[in-house]
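In this text the structure is predicted, and so the values were computed from the model without any measurement.
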Amino acid sequence: MCRGVLNSMKPSQSEKRIRSQWDKKKIYEPDIAKAKRPFYNLMMFPYPSAEGLHIGGVRTFTGIDMYGRFKRMQGYDVFEPIGLDGFGIHSENYAMKIKAHPMRLAGKTEKRFYEQLAVIGNGFAWNERLETYDPDYYKWTQWIFIQLYKNGLAYRKKALVNWCPSCLTVLSDEQVVSGECERCGTAVVKKDLEQWFFRITKYAERMLRNLDTIDWSENIKMAQRNWIGKSDGAEIDFKILGAKERIRVFTTRPDTLFGATYMVLAPEHPLVSALEEKIENRAEVSRYVRDAKKKSEMERTREEKEKTGVLLRGVKALNPANGEGIPVFIADYVLAGYGTGAIMAVPAHDKRDFQFANQFKLPIRMVVCPHYPEKTCPVLDTAYEGQGHLVDSGKFNGMKSEDAKKEITGFVGGTLKTTYRLRDWLISRQRYWGPPIPMIHCERCGIVPVPEKDLPVKLPFIKDFQPKGKGESPLASLKSFYQVKCPQCKGKARRETDVSDTFLDSAWYFFRYLDIKNKKNIFDATRVKKWLPVDMYIGGAEHSVLHLLYTRFITMVLKDIGLISFEEPFKKFRAHGLITKDGAKMSKSKGNVVSPDAYFSKYGADVMRMYLAFLAPLSEGGDFRDAGISGITRFLLRVRKLFKTFDKNKKSSPNLQKVVHRSIKKVTEDLESLRYNTAISQLMIFLSEMEKSEEVAKDNIIIFLKLLAPFAPFAAEELWQKLNGKKIVPSIHTSEWPTYDPRYLEDSTYVLVIQVNGKIRDQVDVPMVISQKDVEALVETREKIKPWIFGKKIKKIIFVPKKLINIVV
RNA sequence: GCCGAGGUGGCGAAAUUGGCAGACGCACUGGCUUCAGGUGCCAGCGAUCGCAAGAUCAUAGGAGUUCGAGUCUCCUCCUCGGCACCA
């Protein structure tokens with residue numbers, strides 16, 4: 001019989017029929033302008049680069065859809081839009097790989113993705129979909145770029161930047177993962193180039209501070225804190241003997257200044273050339289500088305490696321604390337991009353300086369002692385980086401190191417200073433497939449933004465779109481594109497030919513969904529106010545310091561320029577776990593990528609949704625195994641079987657009330673906290689109880705189907721319709737979510753556990769309300785307990801009502 | 001090295017405030033049923049000892065607090081993720 005049910009109709013067919021009913025009724029299209037109880041339910045939109053949707057992506061999408069369906073049934077106007085992040089280097093690289101043109105490929109991947117996304121059973125608001133490569137979309141990406149420029153937050157600067165030799169473009173710091181290109185894994189090299197930057201560093205403190213106010217997964221907040229990397233310290237100037245220049249250093253330990261026995265400049269430090277005349281070993285120094293430039297980030301930062309460096313002969317600095325002349329080195333363990341690019345080296349209290357000092361036989365002077373006031377400090381075999389009292393520090397001797405920070409900084413005329421590890425967002429890319437940066441370089445007027453009325457600057461079709469690697473975008477070879485007149489002086493000018501980073505496209509897309517038809521103003525105040533910030537956002541932890549960082553920055557900027565009234569885009573964000581296959585991360589190179597297509601057509605969306613949800617909590621990830629799917633298949637077959645056999649004329653059954661109300665409570669709570677696995681467990685228990693019962697009534701089935709609806713939207717809808725007769729009924733997904741009555745949750749009796757010395761020896765049914773005295777009397781009569789307490793003195797009795805009694809002898 | 005999350009049966013995992021460890025599912029075993037071939041039903045299923053009743057042990061390892069610890073404290077080990085020569 002059950003076999004018959006399955007064979008009668010392929011799951012995909014009946015699901016398709018139900019989908020078209022949903023489309024007709026438009027139950028997933030809230031009225032954006034007029035919604036009464038708006039709820040913005042969002043998932044990170046996919047980039048259609050690879051061979052289609054990934055099973056992990058499907059788990060995320062269906063996962064948040066369960067939440068959206070739950071909220072919709074609770075009476076919210078749920079808005080769950082979908083779009084494609086199709087612009088950018090990832091899509092372009094994929095196009096190159098399969099030897100296609102990204103502009104032509106976009107249409108194909110778009111179609112394929114939307115087809116795949118249609119079958120997973122999500123309540124998407126299809127009418128609002130967007131693609132970042134649509135000129136109507138990137139017009140606004142460009143517009144935002146111009147606003148940043150007008151507000152001094154976009155600028156051009158020559159700097160040492162990350163260059164991917166394989167993608168042939170510069171990258172932001174966030175796109176370099178342990179020295180490798182985030183996209184292709186190639187080791188990144190440093191190049192000195194003039195590029196466009198966004199002044200994200202101006203927002204470092206605010207982004208850090210706000211983390212305490214938003215409800216986000218803790219691991220993401222931690223990653224952002226690490227990335228922003230705040231450290232409090234001081235800037236102190238060191239004079240150079242016989243020169244007017246000074247060496248400014250940043251240090252978090254100004255208290256150790258008396259222990260600074262040498263200084264180090266980064267090889268790229270401007271003083272290296274400024275002091276050239278004084279440097280006696282010029283040849284050696286410039287050789288070191290040249291070599292340092294050639295090294296990749298990876299080589300430079302390998303931990304085990306010996307430190308290298310060159311003494312600047314003829315240069316002596318003065319320690320401002322004690323007037324001592326100290327040598328100055330250049331070494332690549334000091335980074336040009338952090339602090340001031342120069343350090344005072346205190347080998348006794350910094351392990352890197354300690355290592356360097358030992359290699360170069362430099363004095364190590366201890367100035368912070370952990371054993372104060374003992375006169376003798378231990379001979380160090382490693383740097384002491386902790387706190388203590390100052391020694392060998394002139395008038396500061398005996399002072400607590402923590403207090404000495406401020407004192408010594410003041411003593412030498414330094415300033416307390418906070419530094420951040422975060423660096424400005426390098427936004428330009430020497431690639432084709434992105435929004436052209438809307439700027440014009442005029443010989444007379446300098447940089448002039450494209451007038452807003454001329455937006456979008458359309459990306460022209462170029463047959464040869466491949467990156468050339470000459471530090472220019474392929475657009476630089478198209479004269480009709482770059483040759484323009486200056487909007488200000490009408491003189492000869494050249495259009496910027498770089499495109500912007502794909503992460504700018506995705507930094508603001510949640511605004512666009514709200515006003516997809518509007519071409520005049522994407523920040524319509526009433527809509528923005530009604531729907532934003534996003535109520536619930538779900539996505540991958542890999543975007544901790546990419547998308548999730550940039551989008552916070554852009555939102556803050558939009559607030560500061562008066563377009564919106566909030567500064568955090570997502571009230572609540574939850575990171576989902578990673579789906580593995582046989583314990584390994586899925587990747588094309590391993591050949592273990594699970595494509596959802598075959599599974600969805602074989603088992604149907606309901607089974608796949610529930611299987612992926614049942615694996616583990618959404619935040620956890622899990623291993624994809626075919627074997628586990630059968631449990632869910634069986635469950636849904638049992639649901640259908642029960643549905644056929646229950647007595648439709650019976651209205652209600654008192655004996656099932658307990659499991660009904662428990663299930664409502666459990667499923668409601670678990671949906672709210674995204675613990676779908678235990679919600680589904682409860683549905684299984686609910687079903688088993690009904691199967692065992694002789695008197696399943698219509699009311700029980702109604703509640704069961706409603707609780708099932710977020711997880712298996714098709715089966716729930718189909719059975720709901722059958723339950724309500726043949727005529728058209730409102731969808732179960734817009735029906736009211738059930739509430740539980742606490743009266744049904746408790747029994748009149750419970751099983752009391754009887755322990756002796758903390759070990760369970762017996763159990764007994766007792767009334768819900770029973771006095772300790774009565775329990776004690778009862779326990780004494782229990783045959784199983786007698787031998788354990790016979791002839792022993794009872795020392796103590798612990799009675800926990802509704803739980804247990806423990807007799808200590 | 002620093003920061004974060006973890007470590008529970010053969011497997012995925014459950015376990016409000018400390019109170020019956022292993023819910024639910026997979027796999028497995030035995031039985032029933034069906035036309036024998038991926039999907040029905042019933043039962044069993046942490047380990048050890050035992051015919052059984054039951055006992056003992058068991059939540060990475062060790063110590064501690066407690067009548068009682070997967071849960072709290074301290075130490076050690078391991079896994080995953082982030083940062084990493086950041087001064």
Side-chain angles (χ1 to χ4, degrees), chain A residues 1-3 5-7 177-179 217-231 233 249-253 256 264 300-305 307 331-335 337-346 349-353 355-356 385 419-423 541-542 544-545 575 577-578 611 614-617 619-638 641 669 675 677-685 688 691 751-761 763 784 795-800 802-809:
Chain A
M1 171 182 147
C2 288
R3 196 170 295 134
V5 171
L6 189 71
N7 291 342
V177 180
S178 359
S217 300
E218 198 52 40
N219 54 339
I220 305 295
K221 294 211 238 179
M222 237 27 247
Q224 293 208 350
R225 283 191 194 104
N226 281 340
W227 186 258
I228 294 169
K230 181 179 183 172
S231 61
V249 302
F250 173 74
T251 176
T252 53
R253 294 297 301 269
T256 63
V264 187
R300 264 181 79 155
T301 59
R302 201 160 296 138
E303 186 117 35
E304 278 87 358
K305 92 171 182 163
K307 299 223 176 329
D332 63 6
Y333 83 92
V334 171
L335 308 173
Y338 183 77
T340 60
I343 60 158
M344 63 178 214
V346 185
H349 304 292
D350 181 284
K351 60 179 182 302
R352 297 151 302 180
D353 299 343
Q355 189 193 347
F356 190 85
E385 295 183 323
T419 305
Y420 300 88
R421 217 193 57 89
L422 182 72
R423 279 177 265 180
E542 69 276 14
S544 306
V545 294
L578 188 76
Y611 165 69
F614 191 56
L615 272 179
S619 58
E620 295 285 314
D623 201 50
F624 187 91
R625 263 162 226 219
D626 291 23
I629 300 172
S630 58
I632 300 294
T633 307
R634 278 179 208 149
F635 168 76
L636 286 173
L637 285 171
R638 280 164 55 205
K641 190 174 164 191
E669 288 169 358
R675 291 196 311 248
N677 54 334
T678 46
I680 292 169
S681 296
Q682 186 61 38
L683 288 173
M684 289 169 171
I685 293 167
S688 303
E691 283 171 338
V751 179
L752 177 85
V753 169
I754 306 172
Q755 299 182 334
V756 178
N757 287 342
K759 288 204 192 294
I760 298 145
R761 297 303 179 191
Q763 329 190 332
K784 283 185 183 167
K795 287 184 200 152
K796 197 174 182 181
I797 293 177
I798 293 109
F799 176 57
V800 185
K802 296 182 189 179
K803 289 251 156 72
L804 55 76
I805 183 162
N806 187 13
I807 300 159
V808 186
V809 293

Can you tell which of [options] lies closest to the side chain of [X]?
X	options	result
A/Arg634	B/G4, B/G12, B/G40	B/G40
A/Leu804	B/G19, B/A87, B/C24	B/G19
A/Val753	B/G1, B/A87, B/C20	B/C20
A/Asn677	B/A13, B/G19, B/C24	B/A13
A/Asn219	B/A13, B/C24, B/G4	B/G4
A/Asn806	B/G19, B/C85, B/A84	B/G19
A/Arg638	B/C67, B/C41, B/C24	B/C41
A/Ser231	B/G82, B/A87, B/C20	B/A87

Tell me whether the side-chain N or O atoms of [X] pair up with the base of [N] as donor and acceptor below 3.5 Å, since no angle test is needed here.
X	N	answer
A/Lys641	B/U39	no
A/Ser681	B/A23	yes
A/Asn226	B/C83	no

- Query: Is A/Glu218 paired with A/Arg225 through a side-chain N to carboxylate O contact shorter than 4.0 Å?
  - Reply: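 Salt bridge: yes.
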